[in-house]
Amino acid sequence: MTEFKLPELGENIDQGDLVRLMISPGSTITEGQTVMELETDKAVVEVPSSVTGTVKEIRVKEGEKVKVGQVIFTVDNGAGSAAQPTPAKQTPAPAPLAAQTAAAPAPARRASDTSAPTEFKLPELGENIDQGDLVRLMISPGTKVSEGQPVIELETDKAVVEVPSSVTGVVKDVLVKQGEKVKVGQVIFTLEGGAAPQAEKPKHAPVEHFSEQTAARQTFQLAIQAEGKTEEQALPPDKPQPLPPSFTMPAQLGKVAGSNHGEPVPAAPHVRRLARELGVDIHGVKGSGPGGRISEDDVKNYSKSLLTSATAAPRGTQFTQPELPDFTKWGKIERVSIRGVRRKTAEHLWQAWTTIPHVTQQDHADITELEQLRAKFAPKAQEAGGKMTVTAIALKVCASALKIFPQFNASIDMAKEEIIYKQFINIGVAVDTDRGLLVPVIRDVDKKNIVELATELTQLSVKAREKKLSPEEMQGGTFTITNLGGIGGTGFSPIVNHPEVAILGLSRSSMQPVLISGKFEPRLVLPLSLSYDHRLIDGADAARFLRWIAEAFEQPFLLSVQG
């Protein structure tokens with residue numbers, strides 16, 4: 001019995017993720033035949049066999065991480081690399097694996113090589129989007145596809161997008177299934193008689209090896225230096241150099257710099273080396289140079305901000321998931337994966353809640369007269385294709401308020417200790433969909449009238465519910481409105497949509513007795529809830545801002561006078 005072990009993959013590459021096995025027990029293989037696909041830090045490579053014979057036992061599974069030298073499978077009556085395959089099955093010797101790794105991900109085949117299938121890989125989906133859930137396959141083996149034809153529907157964090165083919169030919173094998181999570185660069189299907197795009201030149205050098213233990217060690221040294229201590233003071237004399245239990249390493253530290261991302265960053269080799277030495281993920285660093293180029297100072301400032309927050313934060317402030325009990329002791333359960341919008345909502349709201357010190361201010365507005373005006377002008381909005389809702393009116397009210405109170409149209413950059421005042425007003429509106437909460441953004445709200453806003457809001461809401469919103473239509477907001485009035489409730493505390501600093505919540509209006517000139521009169525009252533970031537906004541400012549909004553609802557003429 002002969003063992004096939006994972007061969008050398010290239011300089012400083014000692015492991016990879018097994019994405020596809022091309023053999024099974026009983027398969028007959030020859031030396032040079034591709035037996036598996038392995039994803040390393042920067043490329044997906046095909047691994048050829050160095051033995052000939054019949055596969056007896058496979059010792060790994062797809063999805064596992066395998067290391068150089070690990071036994072992958074055994075061959076019965078097999079011969080080592082010195083054995084020659086029979087002439088009928090002789091195959092050309094493959095290129096060295098290290099050369100494959102140094103090239104761009106998964107070498108593209110020449111258009112003239114019609115005998116080999118062409119691979120279609122998931123292309124770039126947009127900024128900061130590296131994966132998605134495959135919700136629909138539009139092809140199957142034998143399907144003819146042409147360049148530009150939609151072939152899959154993919155659900156990213158905030159949108160469902162159709163992905164077009166970049167190749168032409170007949171589908172041979174489909175390598176993914178509906179419901180799976182697929183990553184940028186992953187092979188989706190192969191084609192026969194197709195031509196692949198031209199292979200790109202390598203955009204970066206292979207990642208140098210830098211262990212997490214080394215990163216953690218150096219991070220600890222920087223942390224104790226920030227506290228003004230020596231290593232001897234921070235550690236008991238009889239203990240060899242573990243991290244102190246009171247120090248929780250930030251998620252951005254202790255990683256191999258650049259090892260978890262598919263795209264290179266604009267930084268010189270010595271800057272990358274510095275990031276590795278400090279244990280900083282260079283993809284998280286914002287470059288201050290031309291075109292976002294990262295300098296040594298950018299890396300140092302980023303590392304300093306992470307360490308400062310880590311050492312200054314009280315112990316236990318960083319999120320850890322408590323261990324759950326075994327619920328099956330009390331009955332049946334069902335586990336469902338957190339996907340798409342729900343997953344992104346969970347991540348985003350946790351970040352907002354832990355980053356922003358929230359305060360919620362409550363008020364109410366008498367909208368009796370406003371409701372009469374709304375009913376009067378509703379047909380005009382309807383003619384334009386929209387609905388004259390309270391939310392549409394709130395867009396215009398808030399845009400006017402943000403001009404008068406610019407601190408509510410801002411963001412905080414704690415790393416640079418700066419307040420960013422935005423000279424544009426883009427307001428997001430939370431939309432309830434069957435996939436979760438989506439927040440399309442209406443741009444330049446201050447430059448549009450209420451009828452235009454009503455029309456645009458209606459169109460974006462429909463797109464959100466029909467899964468047709470693009471990621472760009474949910475970016476660039478400076479303030480958010482969320483309206484639960486259609487469902488019910490008398491008030492709530494909405495969570496600020498980071499990196500914004502405030503959000504306005506509207507609840508259901510109701511008829512209430514209001515004392516006017518010594519007499520109680522029935523009035524339509526709208527509850528208002530304003531949550532804000534207390535780092536930038538004081539309670540008095542919030543009260544003034546919300547009161548101005550309430551008075552604008554009560555006296556629409558204010559929009560013309562002050563807005």
What is the minimum heavy-atom distance between [X] and [Y], and which atoms define it?
X: V71; Y: E3; result: CG2-OE1, 3.6 Å
X: P499; Y: S411; result: O-OG, 2.7 Å
X: A464; Y: T433; result: O-CG2, 3.8 Å
X: R443; Y: Q475; result: NH2-O, 2.9 Å
X: M36; Y: L21; result: CB-CD2, 4.3 Å
X: G476; Y: F424; result: O-CE1, 3.9 Å

Original post:
Which is it for V171 and L191 under the side chain to side chain contact (heavy atoms under 4.5 Å, CB included) test, yes or no, and what are the steps along the way?
Top reply: CA-CA 4 Å; V171 176; L191 290 175; 3.9 Å; yes

Subject >> Mutual orientation of the aromatic rings belonging to H358 and W353 [parallel < 30°, tilted 30-60°, perpendicular > 60°] >> reply: tilted

Original post:
Taking the six-membered ring for Trp, are F73 and F4 parallel (under 30°), tilted (30 to 60°) or perpendicular (over 60°)?
Top reply: parallel

Original post:
Do other residues, nucleotides or ligands put more than 12 heavy atoms under 6.0 Å from K422 NZ?
Top reply: yes

Subject >> Neighbour count >12 (heavy atoms, 6.0 Å) for atom NZ, K181 >> reply: yes

Is there a side-chain contact between [X] and [Y] in this structure, where contact means two heavy atoms from C-beta onward sitting under 4.5 Å apart?
X: P25; Y: I58; result: yes
X: R293; Y: D298; result: no
X: Q149; Y: T168; result: no
X: L38; Y: L18; result: yes
X: V75; Y: T52; result: no
X: V176; Y: L122; result: no
X: M138; Y: T143; result: no
X: D173; Y: P141; result: no

Could you give the distance from [atom1] ([X]) to [atom2] ([Y]), rounded to the nearest 0.5 Å?
X: I29; Y: I23; atom1: CD1; atom2: CD1; answer: 5.5 Å
X: K286; Y: D413; atom1: NZ; atom2: CG; answer: 6.5 Å
X: E62; Y: E37; atom1: CD; atom2: CD; answer: 9.5 Å
X: I188; Y: E180; atom1: CD1; atom2: CD; answer: 9.0 Å
X: I495; Y: I356; atom1: CD1; atom2: CD1; answer: 9.5 Å
X: E155; Y: R136; atom1: CD; atom2: CZ; answer: 13.5 Å

Original post:
Out of K65, K67, K183, which one pairs with D17 under the salt bridge (Lys or Arg N to Asp or Glu O under 4.0 Å) rule?
Top reply: K65

Subject >> Residues that Q186 engages under side chain to side chain donor-acceptor pair (under 3.5 Å), provided they are two or more places apart >> reply: none

Subject >> Check: A352 main-chain N/O paired with T355 side-chain donor or acceptor under 3.5 Å >> reply: no

**OP:** Using modelled atom types only, decide if a donor and an acceptor are shared between the side chain of S303 and the backbone of K300 within a distance under 3.5 Å.
**Re:** no

Original post:
Are D533 and H498 close enough that a side-chain donor and a side-chain acceptor fall under 3.5 Å?
Top reply: no

**OP:** Carefully, step by step, assess R59 and T74 under the rule side chain to side chain contact (heavy atoms under 4.5 Å, CB included).
**Re:** CA-CA 8 Å; R59 300 185 180 179; T74 59; 3.5 Å; yes

**OP:** Carefully, step by step, assess T458 and S461 under the rule side-chain hydrogen bond (donor to acceptor under 3.5 Å, both in side chains).
**Re:** CA-CA 5 Å; T458 299; S461 299; over 6 Å; no

Original post:
Salt-bridged, K416 to E418, with N to O below 4.0 Å?
Top reply: no

